[in-house]
Amino acid sequence: MAAHLKKRVYEEFSKVSQQQQQVSLEEVPAKKLRLTKPSKSAALHIDLCKATSPTDALQYLLHFAWKPVETESVEGVVRILLEHYYKESDNSVRLKIASLLGLLLKSQGFAPVCVVDDAINTLNNEKSHQVLAQLLDTLLIIGTQLPDKIAIIQRLIDVACKHLSSTYFRVRNKCLQLLGCLGTVDKPLSKETDAGPGAQTSHVRDVQSVISDYFQDQDPRVRTAAFKAMTIYNQACKLLSDDYEQVRSAAVQMVWIRLVDDSFGKICHMVCDGSWVVRVQAAKLLGSMHQVSPHFLEQTLDKKLMSDLRRKRTAHERAKELYASGEFSSGRRWADDAPKEKVDTSGVNLIDSGACGAFVHGLEDEMYEVRIAAVEALCSLAQPSPSFAEKCLDFLVDMFNDEIEEVQLQSIHVLRQILTHITLREDQLDTVLAVLEDSSRDIREALHELLCYTNVSTKECIQLALVELLKNLTKYPTDRNSVWKCLKFLGARHPTLVLPIVPELLSTHPYFDTPEPDMDDPAYIAVLVLVFNAAKSCPTMPALFSDHTFRHYAYLRDSLSHLVPHLRVPGRKQTASSGLEASGVGSSSLESAQNFLQDSLIRVSALQNLETPGAQDLLEFTIRDLQRLGELQTELAGSADFCATYLHCQLLLTKALQEKIWTMAVPLCLKQNAKVSTAARQILDETYKLEFLYSGLETQQIAAIHNVRLQAKALQLILTARSKRGVDCVLGVCEKFLQDVESFQRHFMTELPHFQDSFVEKLLELMPRLTACKPLDLVKILQTTLRQSKFIHLKLPEQIHRASATIIEPTGESDNPLRFTSGLVVALDIDATLEHVQDPQTTVKVQVLYPDGQSHIIHPKPGDFRTPGPGRVRLITQVYLSHSAWTEACQIEVRLLLAYSSSSSKPSASKPAWNESMDGLATSESCIEGTIHLSKPVKVFIMPKPARR
């Protein structure tokens, strides 16, 4: 009986304990997803309190400078910095705190009114001159941020006047800078705040008189600062002869601002200054003075000998005079070349004395930096003035023979920009073509680019250019593509001059058959490129072609379509593609192609829901049409490809949301799950291409791309939640997704009115609910929102360019492998042309893919990139290959990649103001998020041989 009772009690106890456990499990709150922002000021305070030495404090401050600070946290951080500033005794730490204060006060959206008193009070007891100068710089930032606060501006001016008597030059510099930026001419200073070198406070003075006292300061750096703070023209002219180059440089800058005609002569005189820095600046500023009359401009190219404002006779003129008189100089007369006439110096025009030969002196300067500046100034002044451009031609052509390659290149680039006003004579063309003998590849290719824009006057000039280009092709076979392109434009620009020499160029005869030239000869191809491009604008020219010329045209039209245009050949059938080109979709009808592009986008914009019957078919047809349009119309290739890729992302997203995976259990649809996951990954890749492969995009287009990217990430998040068990594995993904939504709102706030009923707008409306709900509830909301979102239509900007690259060398046509010993390296020359690539020196990489799956990414040096023309970059570099021994030769793949970082493309993603002090540091490779294929792969045979023992 006792045993039975004990058993009953144990069972009841077990039931009660189980019920308690169930109740306790039910009472356990579910994990909720919340985004919290840690306090920046509290973290900084803790770090600075932990510092045991000034070195530690500096390390904490430097580390803090890299962290972003939100606008609402700026005031708290400033208060913490000020608190530690008063406690700190080390000058270097206080200097860094003062620097951070100035950077923080630049934060967008922050008004520094609340910290004005504290900032001014920091100067009262400061003994360090360097810290004092930095604090004055902070006050200048406050003043520029609060231009409408008259009382605060007056207080800051009073502080500046008070410290003008400092013995440290940098403090005086900052005070003068503050007075120049914040002071006004019409408002006098109060007597008690007036300070100057003589400390005269008995009368009221204005800001200009205070600053002008420091024009004669003993320190040239203070004189420079005083001059930059003042805008008095007469004082500027006097300081052009100062004995310190920095003062003269500032004076040149100030004179440029005032009285163009008068200042032009004075700046021309500074081209002969003793300091090459001043000469460079003077030459550059001359190029920006477009209001000067043509008469004065022409005098800058007239080199006359002057002596005390009186013209000297040249040695040639003296010899001519003696020869005419019948006697010769005995050499015994002293100063027989001295100027005889007396000239009133007050009556001499400044332009006559200063401008004469200014550019001649600049082009013949001993410093190549001055010569480059003079060349660029000539270009700037010649572009709006055809007559001056004509007179500059001989001087610029002479610079082709400069001993410095950089000067030669700049001269060629400059001449290309002004050639629209000029037609070259035969003797001038002969001088230009002589540069083709140069051993520098960059020089030769720049000259090829120049000849593309050259106008010549006679058929003899065309023959001369062709002969010299063919010599160049024979001597430097690697210039083949550049020479062909040059002849393409030369023929297209001069069809009437090419027509009379066609029989001679093609070696045809009216009665006899001539032998058929070899189509493998690059020189013959060069001649055909010239003739065919001329024939495009000359319909009578094909009648001079022989039968084999037509066959060669058909071959080159297929193999070198970018060099050979479409021609209407008599008696020949038109292909489908050529018919399209000739009928209006080709290059002759850009306007109709633009209308077709706009009509296609309007047709798609009528679709409200892509799940309606027929909507996806219309989308697929539109994508196909846009891709074809990009192939036929090169001017619209970027816009057409961009629209086609964007619509393809929408199509992939719509198809992914219609899969059976959303109505079936996960184990029953593994195949569909993998298909949707692949589609989400493809959409993400396409959005990165849209953002970084195309240039010319506006903020609205970038925001639309980010909206599609958020949809793809939401799709990935839903798939992750369906395929993985447990809440913990989804928490991190949910938090990262919500951070991306907040980032979109922060960067594209102004574009939100264009996104009505879009996915991102619905998310922002639900944001308070999303941050507080469970992860699985978040997934359900995302799935519903994806299906209910509206399709966002594109509004195209004026011009979109697609970044592209073409590898010229290696060609991938050789069957002879590169042989090298295993373990050692072999150099592979890479020659590629880049089109419309932004910042290629940091974004373009070379990828080498080996047969065993190994992949190497090489970063070209900045010096490997050249700029032969606008929008074009040439990459000439070497890639070093190495591998273990192989039994037979195999192919490697070489291609160019475009590295990207999503943070670098956002409109407000520039480096924060508090981080400006770190601008000099190089960008780490960890900032690169991914790469995009920029060129087609080229296959190269290599053969690593085993090492001999």
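As a basis for the values below, the full set of heavy atoms in this structure was taken, side chains included, without hydrogen atoms, waters or symmetry mates. Because the structure is a prediction, the values reported are computed rather than measured.
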Next item on the list: Using the salt bridge (Lys or Arg N to Asp or Glu O under 4.0 Å) rule, take E835 and R802 through it: C-alpha gap first, then chi angles, then the decisive distance, then the call.
Entry: CA-CA 8 Å; E835 301 277 352; R802 188 182 192 276; over 6 Å; no
Note to self: Under the rule for salt bridge (Lys or Arg N to Asp or Glu O under 4.0 Å), what residues qualify as partners of E468, not counting sequence neighbours?
What the structure shows: K471
Next item on the list: Could you check K795 against E698 for salt bridge (Lys or Arg N to Asp or Glu O under 4.0 Å), going step by step and ending with a plain yes or no?
Entry: CA-CA 10 Å; K795 181 182 178 182; E698 298 173 355; over 6 Å; no
Next item on the list: Given salt bridge (Lys or Arg N to Asp or Glu O under 4.0 Å), test R441 with D831 step by step and report yes or no.
Entry: CA-CA 11 Å; R441 184 173 188 167; D831 184 359; 2.3 Å; yes
Checklist line | Aromatic ring proximity, centroids under 6.0 angstrom, H552 and Y524 | finding: yes
Margin query: For F489 and Y453, take the angle between the two ring planes, folded into 0 to 90°, and tell me which bin it lands in: parallel under 30, tilted 30 to 60, perpendicular over 60.
Written below: parallel
Checklist line | Side-chain (W484) to main-chain (L530) donor-acceptor, under 3.5 angstrom | finding: no
Checklist line | Centroid-centroid under 6.0 Å between F545 and F532 rings | finding: yes
Next item on the list: Any chance you could lay out the side chain to side chain donor-acceptor pair (under 3.5 Å) test for R557 and H566, step after step, and finish with the verdict?
Entry: CA-CA 8 Å; R557 177 63 186 155; H566 166 73; 5.1 Å; no
Next item on the list: Supply the atom-to-atom distance L934 CG to L693 CG, rounded to the nearest 0.5 angstrom.
Entry: 6.5 Å
For a quick test of your reading: what N or O donor-acceptor pairs under 3.5 Å do the side chains of residues 396-404 make, sequence neighbours left out?
residue : atom : partner : partner atom : Å
D402    : OD1  : R371    : NH2          : 3.1
D402    : OD1  : I404    : N            : 2.8
D402    : OD2  : R371    : NE           : 2.8

Next item on the list: Measure from the side-chain N and O atoms of K488 to the backbone N and O of H562, and report whether any donor-acceptor pair falls under 3.5 Å.
Entry: yes
Margin query: When you measure from the centre of the six-membered ring of Y476, is the NZ or CZ of R444 closer than 6.0 Å and no more than 45° off the axis?
Written below: yes
